[in-house]
Colleague: 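I have a structure I would like to understand better, so I am pasting it below and will then ask my questions one at a time.
Computed from a prediction, not measured in an experiment: that's the story for all the values here. Every chain is numbered from 1 and lettered A, B, ... according to where its sequence line falls, protein lines coming before strand lines.
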Number of protein chains: 2
Amino acid sequence: MPNNQFKKGELYSFITGKASTAIARRLQKNFKQAGLDITIEQWSVLYHLWKEEGQSQQQLCDATFRDKPSITRLVDNLEKLKLVKRVPSKEDRRINLIYLTKEAVQLQEKSMEVANQTLNEALNGVTNGQIEIAKEVLHTVYDNLK
Amino acid sequence: MPNNQFKKGELYSFITGKASTAIARRLQKNFKQAGLDITIEQWSVLYHLWKEEGQSQQQLCDATFRDKPSITRLVDNLEKLKLVKRVPSKEDRRINLIYLTKEAVQLQEKSMEVANQTLNEALNGVTNGQIEIAKEVLHTVYDNLK
DNA sequence: GGCATATAGTTGTTTATGCAACTACATAAA
DNA sequence: TTTATGTAGTTGCATAAACAACTATATGCC
């Protein structure tokens, strides 16, 4: 699209991802303020486990768009914090299934509340229509690069 | 905005920043393929120095939305690669002014070409109108969190 | 069965980030 | 002039990312 050319200059800050990291940083701060001692990366893993427990590390890779070493280490740290447990699969001994501890289950309500508040803060003044279009753009970009 | 509520679930992957890091990762790969041995973070610093040389580290912090330690270390690494030089300011001895080496000047053309190609790839099928709105959303989010 | 190949997960290395604590210099007020 | 306060930059520490190389298990084909 050559007629996108003139707009690119302003988009380089998007490449370096600074709007999304601004939200991420704020969420991290709000977690801390609420007494929640987890990182947003750890939270993003828990988020998918709250939806469905007992996923394999590979499934968590796909869900969070991370590579395998990243998930290995995030699960390492979540295990150290006693928030998840690796359970070897009985059908396939290569696979670890990841389960939540009681502590992690208790984290869900409060942390989702903080996350929702943070998104409200960030999206204040943005209309639903604008959000829809922004999501479309993100999906298109993601598909283009897959 | 309580009527944004129902849309949030789909936005959490935006918090963890995966659309923009997809572009960043692709740009990194394209740099490598083109024989450019710099990281996108280093490139984002060079990008602002190509626009104006001799900026202080603090100015680079503001331009790239990074904190001071991050810029200290990016400049460290860029100095190791012999792409920039720290020059102490004569007016204010606290300040380092950052200048480009000949090698860094020569990097500009090729790396901007690769960056433009990458953005074309990523934004293929996205209309100018959609881009405008996405940028508005990013700016609003950024202002909300400042 | 035995071998090639694919898949799940781990480890090592380099680079980057966020935060807190620190040094050095500058400026303004007492 | 001294003292307080602010600003520029650095260092240490923990966490995370990308990439490559590795181990262990599973599967498909001869």
Colleague: Using a cut-off of strictly less than 4.0 Å between a heavy atom of the residue and any atom of DNA chain C, enumerate the qualifying residues of residues 69-92 of chain B by number.
Modeller: B:Pro69, B:Ser70, B:Arg73, B:Leu74, B:Asn77, B:Asp92

Colleague: Evaluate the criterion salt bridge (charged side-chain N to carboxylate O under 4.0 Å, His left out) for residue pair B:Glu79 and B:Lys85; output intermediate values, then yes/no.
Modeller: CA-CA 6 Å; B:Glu79 256 192 336; B:Lys85 266 208 177 108; over 6 Å; no

Colleague: Could you say whether A:Gln59 or B:Arg93 is positioned toward the 5' end of DNA chain C, judged by the nucleotide with the nearest heavy atom to each?
Modeller: A:Gln59

Colleague: Give the rounded distance in Å between these two atoms: CD1 of A:Ile95 and C1' of D:dT25.
Modeller: 10 Å

Colleague: Would you say the side-chain atoms of A:Asn30 and A:Glu121 include a donor-acceptor pair closer than 3.5 Å?
Modeller: yes

Colleague: Send over the distance from A:Glu41 CD to C:dG18 C1', rounded to a whole Å.
Modeller: 10 Å

Colleague: Please check if the side chain of B:Glu41 supplies one atom and the backbone of B:Leu74 the other of a donor-acceptor pair under 3.5 Å.
Modeller: no

Colleague: Nearest whole Å is fine: how far is C:dG18 C1' from A:Gln33 CD?
Modeller: 16 Å

Colleague: Taking the basic N atoms (NZ, or NE/NH1/NH2) and the acidic carboxylate oxygens, is any pair closer than 4.0 Å for B:Glu113 and B:Lys110?
Modeller: no

Colleague: Does any donor atom in the side chain of A:Asp67 or A:Ser70 lie under 3.5 Å from an acceptor atom in the other side chain?
Modeller: yes

Colleague: B:Gln55 CD to D:dG9 C1': how many Å, rounded?
Modeller: 16 Å

Colleague: Any sub-3.5 Å donor-acceptor pair from B:Glu53's side-chain atoms to B:Trp50's backbone N or O?
Modeller: no

Colleague: What is the distance, rounded to the nearest whole Å, between atom CG of A:Asp37 and atom C1' of D:dA14?
Modeller: 13 Å

Colleague: B:Arg66 and B:Ser44: side-chain donor and acceptor closer than 3.5 Å?
Modeller: yes

Colleague: Under 4.0 Å between a Lys/Arg side-chain N and an Asp/Glu carboxylate O for B:Glu103 and B:Lys82?
Modeller: no

Colleague: Nearest heavy atom decides the nucleotide; on that basis, is A:Gln28 or A:Asn96 closer to the 5' end of DNA chain C?
Modeller: A:Asn96

Colleague: Could you list the protein-to-nucleotides 4-7 of chain C atom pairs, N/O on both sides, closer than 3.5 Å?
Modeller:
{"unit_1": "C:dT7", "atom_1": "O2", "unit_2": "A:Arg94", "atom_2": "NH1", "d": "2.9"}

Colleague: Check the distance between D:dA16's P and A:Ile38's CD1 and give it to me in whole angstrom.
Modeller: 10 Å

Colleague: How do B:Lys32 and A:Thr39 order along DNA chain D: which one's closest nucleotide is nearer the 5' end?
Modeller: A:Thr39

Colleague: Which whole-number value in Å describes the distance from B:Arg25 CZ to D:dA18 C1'?
Modeller: 9 Å

Colleague: Rounded to the Å, how far apart are A:Gln42 CD and D:dA14 C1'?
Modeller: 11 Å

Colleague: Hydrogens and angles aside, do A:Asn128 and A:Glu132 bring a side-chain donor and acceptor to less than 3.5 Å of each other?
Modeller: no

